[in-house]
Amino acid sequence: MKKFAMLLPLAAPLLTLGALSPAAIPASAHHSYSMFDMQKTLVLDATVTQFRWQNPHAFIAIEVEENGTPQRWSIEMTSPNNLVQSGWRRTSLRTGDKIRLWVHPLRSGARGASYVGVRLPDGSTLGEVG
């Protein structure tokens, strides 16, 4: 009985922790990439119009010439923390930079995609290019 009495003060915090654990699961689960065609990779020659270094995802806004007309695209990236680990910096892209992007396009056909890799103006590359 004494052993049970000694464990009683620990019971409330452990029960609280157990009750709150399922609430942490949705926080760690993020949206899927099902909106992107991960089996298809496009290569886009583009001009950067904006580079947003933000959480939870960085974005690259670009213009791509299509039949002589500039078309705006939005490219979703991963988090800045993940990008830094793969060599990116807040200053890796600037407005007006001419780049080549490898992306997985939206399944809908809209002008948006998921970032795969980039060839920067100086010829260096980040991500998967090929």
Side-chain angles (χ1 to χ4, degrees):
M1 198 64 159
K2 283 185 177 182
K3 288 183 181 179
F4 179 74
M6 289 183 354
L7 293 176
L8 197 54
L10 296 175
L14 289 175
L15 286 173
T16 302
L17 182 62
L20 294 176
S21 293
I25 293 170
S28 66
H30 200 56
H31 72 79
S32 76
Y33 280 81
S34 63
M35 74 251 295
F36 302 108
D37 186 345
M38 303 304 271
Q39 303 304 311
K40 189 176 188 180
T41 302
L42 298 179
V43 180
L44 304 172
D45 290 317
T47 301
V48 176
T49 59
Q50 184 180 36
F51 179 44
R52 294 188 351 227
W53 186 263
Q54 66 185 30
N55 281 311
H57 296 276
F59 282 88
I60 307 170
I62 58 172
E63 282 189 354
V64 176
E65 287 282 325
E66 292 179 19
N67 300 319
T69 305
Q71 300 295 327
R72 297 205 70 162
W73 284 66
S74 181
I75 310 302
E76 181 174 341
M77 303 177 81
T78 188
S79 72
N81 183 53
N82 290 339
L83 291 170
V84 165
Q85 293 175 28
S86 62
W88 279 87
R89 300 290 174 260
R90 176 183 299 276
T91 58
S92 292
L93 291 177
R94 299 188 188 283
T95 300
D97 281 352
K98 306 285 186 201
I99 60 173
R100 176 169 278 183
L101 275 169
W102 283 257
V103 298
H104 296 302
L106 284 168
R107 291 182 187 278
S108 69
R111 292 182 185 94
S114 173
Y115 162 81
V116 177
V118 64
R119 176 161 294 133
L120 299 170
D122 67 4
S124 64
T125 60
L126 294 166
E128 297 177 29
V129 300

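All residue numbers refer to positions in the sequence shown, counting from 1.
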Exercise. Which distance, rounded to the nearest 0.5 Å, do you find between the CD of Gln54 and the CZ of Arg90?
Worked result: 10.5 Å
For this session: May I ask whether Tyr115 and Val129 are part of the same hydrophobic cluster, defined by side-chain heavy atoms of I, L, V, M, F, W, Y residues being less than 4.5 angstrom apart, directly or through others?
Result: no
Exercise. Are any of the side-chain heavy atoms of Ile75 and Leu101 separated by less than 4.5 Å?
Worked result: yes
Exercise. Hey, does Pro105 have a side-chain heavy atom less than 4.5 Å from the side chain of Lys40?
Worked result: yes
Exercise. Does the side chain of Glu65 reach to within under 4.5 Å of the side chain of Pro70, using non-hydrogen atoms?
Worked result: yes
Problem set entry | From Leu93, Val118, Leu83, residue fulfilling side chain to side chain contact (heavy atoms under 4.5 Å, CB included) relative to Leu126 | Val118
Problem set entry | Parallel, tilted or perpendicular, as decided by the 30° and 60° cut-offs, for the rings of Phe51 and Trp88 | tilted
Exercise. Between His57 (side chain) and Met77 (backbone), is there a donor-acceptor pair under 3.5 Å?
Worked result: yes
Exercise. Can you tell me if Arg107 uses its side chain to pair, donor with acceptor, with the backbone of Ser34 under 3.5 Å?
Worked result: yes
For this session: Check whether the ring centres of Phe59 and Trp73 lie less than 6.0 Å apart, and answer yes or no.
Result: no
Seminar exercise, completed: Residues Ile62 and Val48: closest non-hydrogen pair is CG2-CA, 4.3 Å
For this session: Kindly indicate, with the supporting measurements, whether the criterion side-chain contact (heavy atoms from CB on, under 4.5 Å) is fulfilled by His104 and Asp37.
Result: CA-CA 6 Å; His104 296 302; Asp37 186 345; 5.8 Å; no
Exercise. With a 4.5 Å heavy-atom cut-off, do Leu44 and Arg100 have their side chains touching?
Worked result: no
Exercise. Is Ser114 close to Val103 at the side-chain level, that is, under 4.5 Å between some pair of heavy atoms?
Worked result: no
Problem set entry | Note, Phe36 side chain near Glu76 side chain (heavy atom, < 4.5 Å) | yes
Exercise. Using a distance-only test with no angle check, is there a side-chain donor-acceptor pair under 3.5 angstrom linking Arg111 and Ser74?
Worked result: no
Exercise. Should Trp53 and Arg89 be marked as a side-chain contact (heavy atoms from CB on, under 4.5 Å) after you check the CA-CA gap, both sets of side-chain angles, and the distance that decides it?
Worked result: CA-CA 9 Å; Trp53 186 263; Arg89 300 290 174 260; 5.5 Å; no
Exercise. If we only count heavy atoms from C-beta on, is the Thr69 to Gln71 side-chain gap below 4.5 Å?
Worked result: yes
Exercise. Under the 3.5 angstrom rule, does the side chain of Asp97 hit a backbone N or O of Ile99 as a donor-acceptor pair?
Worked result: no
Problem set entry | Minimum-distance pair of heavy atoms, taken over all atoms of Pro80 and Ala58 | CD-N, 4.5 Å
Problem set entry | Test item: side-chain donor near acceptor, Ser79 and Asn81, under 3.5 Å | no
